[in-house]
Amino acid sequence: MALTGRAALIAALASVPVGIWDPSWTGILAVNAPLAAACACDFALAAPVRRLGLTRSGDTSARLGDTADVTLTVTNPSGRPLRARLRDAWPPSSWQPGTETAASRHSLTVPAGERRRVTTRLRPTRRGDRQADRVTIRSYGPLGLLTRQGTHRVPWTVRVLPPFTSRKHLPSKLSRLRELDGRTSVLTRGEGTEFDSLREYVPGDDTRSIDWRATARHSTVAVRTWRPERDRHILLVLDTGRTSAGRVGDAPRLDASMDAALLLAALASRAGDRVDLLAYDRRVRALLQGRTAGDLLPSLVNAMASLEPELVETDARGLTATALRSAPRRSLIVLFTTLDAAPIEEGLLPVLPQLTQRHTVLVASVADPHISAMAEARGHTDAVYEAAAAAQAQSERRHIADQLRRHGVTVVDATPDELPPALADAYLELKAAGRL
C-alpha cells in the first residue's frame, strides 16, 4: 500500500540511519539524522503556547437543566500560525455524564497575529457555582511530529440556579388570588378583613355583608366587598441541616423545599406581601430582606443557588432566635423542615411557643413518594414487610403533624411534585381567613 503525505515523509526519513561513535560514550547511539532534523524543524515552527492570550466571555448563570455557553478567545501574538487542540476543563458536574470529552475539546487554527473563538457548552447537573479549571493547549508543527503543550488559568464562574419547575402552577394560583380579591366575576365575594368597596346586592350574597347605612342612602341594597390584607410579612425559613440532605427521588429534600418556596414567594409578591428568606442550620447560611416585588425572584434564586445541606444537627433554638430577629412584627413564618420524630420532638417543639405566640407558623415538609409506593405493595413476603414499615413511617409522620397542629401550626406534608401547589393553597386559605 502506497504511503502519501506526512506518513510517506516519515517513512522516507526513517529509512536513512546514521551511526555516530564517540569514544567517551559507552556504546553506539543510532540516530536518524534527517528525521531528527525534521522533528526539530517541526517543533521550531509550532507556535509557542505560553505567549498565547486567553480571555473568556459568555453566560454567567443558567438554570439547572439548561445550557450555558462560555466563549474562549485565543489570541496568537507570535509570528507563527497556531495549529492546536484545546481542552477547556470544568468540574465533572458541568456536563451530563459521558458528554464531557466532546464538549470540552476543540480544534482550532489561529494565523499569526490574529485571534479565534471557541465555545464550550455546559449543561450542569447540580446547583451552585461552577468554576473553570485549566485550559490545556497542544500546539502542533506543520508536520505534526512534535508538539508544544502548556496550560493557562482563565478564571470564570457560572452560577447554576434552581430550576423553579413549579412555575407552571403560578397562573392557576394567581387566578384564585384574583377571586379572593373580588376582581373577577364570581358568585362569591372577595374574602378577607380589609374593606374594598360597595356594590349592589345580588342573590347569593351573604346577608351579613349588607351595609345598612349605605342602603338607607340608596334605592338599592348595598353590600360590602372585602379583599385580603396586603403588605403582610412572610418569612421563608429553610432548614439546611442534615435532614435536608436526604434524597427524595433524584434530588435532596432541600431542592424540593426551594422549589416550593419560590412558588410561594412569586404568589405572595403578586398579592402585595413582603417576602424575606432565611437559611439556617447552626448558623445563618443565607439572609435576604427588603427586596422589592420586581427584584424578589432573581434575588431568591441567586441566594438559593449556592446553598447546600450541611451534615450537622439543626440548632432549633438558634433558628428560632434568628427568625424572631428577622420578623420583629407579626408575620407568617413558613418553616421548611422534616417531620421526623427526633428533630421535631427534641428540637422544634420545646421552642415552638416562642414563634406561635407572636406569629402564624406554617411547617412545610417533603414526603418521600417511595414510602407511599411501599405502603401499597403486596404479593410476596418482602413486599408485605415493606408495606408494614412504610405504614409505620406514615403513622409517625401523622403523629408529628398532629402534635404541631395542637400548637396552632398549619402543616403541609406532600411529595416534591405536590408540595408547591399544596403550600400555595395553604397560603391562600390563610389569607382568605384573615389570619395573615
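Residues: numbered from 1 along the sequence shown.
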Measure the OG1-CG distance between Thr410 and Leu430 for me, rounded to the nearest 0.5 Å.
5.0 Å
Do you know the tightest heavy-atom contact between Ile137 and Leu52?
CD1-CD1, 3.7 Å
Identify, with sequence neighbours excluded, every residue that meets salt bridge (charged side-chain N to carboxylate O under 4.0 Å, His left out) alongside Asp281.
Arg285
Tell me every residue that passes salt bridge (charged side-chain N to carboxylate O under 4.0 Å, His left out) with Arg56, counting only those two or more places apart in sequence or in another chain.
Asp88
How about Leu288 and Asn302: do any of their side-chain heavy atoms sit closer than 4.5 Å?
no
Would you confirm whether Ser269, through its side chain, and Ala265, through its main-chain N or O, come within 3.5 Å as a donor-acceptor pair?
yes
Among pairs that include at least one residue of residues 102-115, which meet side-chain hydrogen bond (donor to acceptor under 3.5 Å, both in side chains), considering only residues two or more places apart or in two chains?
Arg85-Ser107, His106-Thr120, Glu114-Arg116
Is the number of heavy atoms from other residues, nucleotides or ligands within 6.0 Å of CZ (Arg317) greater than 12?
no
Listed partners of Asp59 passing salt bridge (charged side-chain N to carboxylate O under 4.0 Å, His left out), at least two apart
none
Could you tell me if the side chain of Val160 sits less than 4.5 Å from the side chain of Leu122, heavy atoms only?
no
Which pair of heavy atoms, one from Ser326 and one from Gln289, lies closest together, and at what distance?
O-NE2, 3.6 Å
Can you give me every donor-acceptor pair (side chain of residues 411-425, partner residue at least two apart or in another chain, under 3.5 Å) with its distance?
from	atom 1	to	atom 2	distance (Å)
Asp413	OD1	Arg397	NH2	2.6
Asp413	OD2	Arg397	NE	3.2
Thr415	OG1	Glu418	OE1	3.3
Asp425	OD1	Lys173	NZ	2.8
Asp425	OD2	Lys173	NZ	3.3

For Ala375, side chain to side chain contact (heavy atoms under 4.5 Å, CB included) partners two or more places apart:
Ala390, Gln394
First locate atom NE2 of His407, then atom CG of Leu355, and finally report the distance between them rounded to the nearest 0.5 Å.
11.5 Å
Take Glu429 and Arg176 through the salt bridge (Lys or Arg N to Asp or Glu O under 4.0 Å) test and state the conclusion after the steps.
CA-CA 10 Å; Glu429 290 172 6; Arg176 173 59 179 154; over 6 Å; no
Do Leu297 and Phe164 come within less than 4.5 Å of each other through their side chains, counting heavy atoms only?
yes
Which pairs pass side-chain hydrogen bond (donor to acceptor under 3.5 Å, both in side chains) with one or both residues in residues 121-132, sequence neighbours excluded?
Asp69-Arg121, Ser93-Arg130, Arg127-Asp255, Asp129-Arg159
With sequence neighbours left out, write down each residue that passes salt bridge (charged side-chain N to carboxylate O under 4.0 Å, His left out) with Arg63, or none if nothing qualifies.
none
Answer yes or no: is there a donor N or O on one side and an acceptor on the other, between the side chain of Ser78 and the main chain of Asn76, under 3.5 Å?
no
Check whether the side chains of Thr151 and Thr136 place a donor and an acceptor atom closer than 3.5 Å, and report yes or no.
no
Is there side-chain contact between Val301 and Met258, with at least one heavy-atom pair below 4.5 Å?
no
Say whether, by atom type as modelled, one donor and one acceptor occur between the side chain of Ser166 and the main chain of Asp259 under 3.5 angstrom.
yes
Are the side chain of Thr119 and the backbone N or O of Val70 linked by a donor-acceptor pair below 3.5 Å?
no
For a 4.5 angstrom cut-off between non-hydrogen side-chain atoms, does Thr157 reach Thr60?
no
If you compare all heavy atoms of Pro328 against all heavy atoms of Arg358, which two are closest, and at what distance to 0.1 Å?
O-NH1, 3.5 Å
Report, one line per pair, each donor and acceptor closer than 3.5 Å where one atom sits in a side chain of residues 339-346; sequence neighbours left out.
from	atom 1	to	atom 2	distance (Å)
Asp340	OD1	Thr338	OG1	3.2
Asp340	OD2	Thr338	OG1	3.1

With Thr147 via side chain to side chain donor-acceptor pair (under 3.5 Å) - residues at least two apart
none
Shortest non-hydrogen separation from Met304 to Pro162 and the atoms involved
CB-CG, 3.9 Å
Taking His359 for the side chain and Ala327 for the main chain, is one N or O donor matched with an acceptor at less than 3.5 Å?
yes
Shortest non-hydrogen contact from Ser244 to Gly241?
OG-O, 2.6 Å
Go through the structure and list residues passing side chain to side chain donor-acceptor pair (under 3.5 Å) with Asp402, not counting sequence neighbours.
Arg405
Quick check against the 3.5 Å criterion: does Arg253 have a side-chain atom that pairs as donor or acceptor with the backbone of Val366?
yes
Do you know which two heavy atoms are closest between Arg80 and Ala46, and how far apart they sit?
NH1-O, 3.4 Å
Please check this pair: side chain of Thr320 against backbone of Ala316, looking for a donor-acceptor N/O pair closer than 3.5 Å.
yes
Is the count of non-hydrogen atoms from other residues, nucleotides or ligands lying under 6.0 Å from Arg282 atom CZ greater than 12?
yes
Are the side chain of Asp382 and the backbone N or O of Glu386 linked by a donor-acceptor pair below 3.5 Å?
no
With sequence neighbours left out, what residues match Thr360 under side chain to side chain donor-acceptor pair (under 3.5 Å)?
Arg330
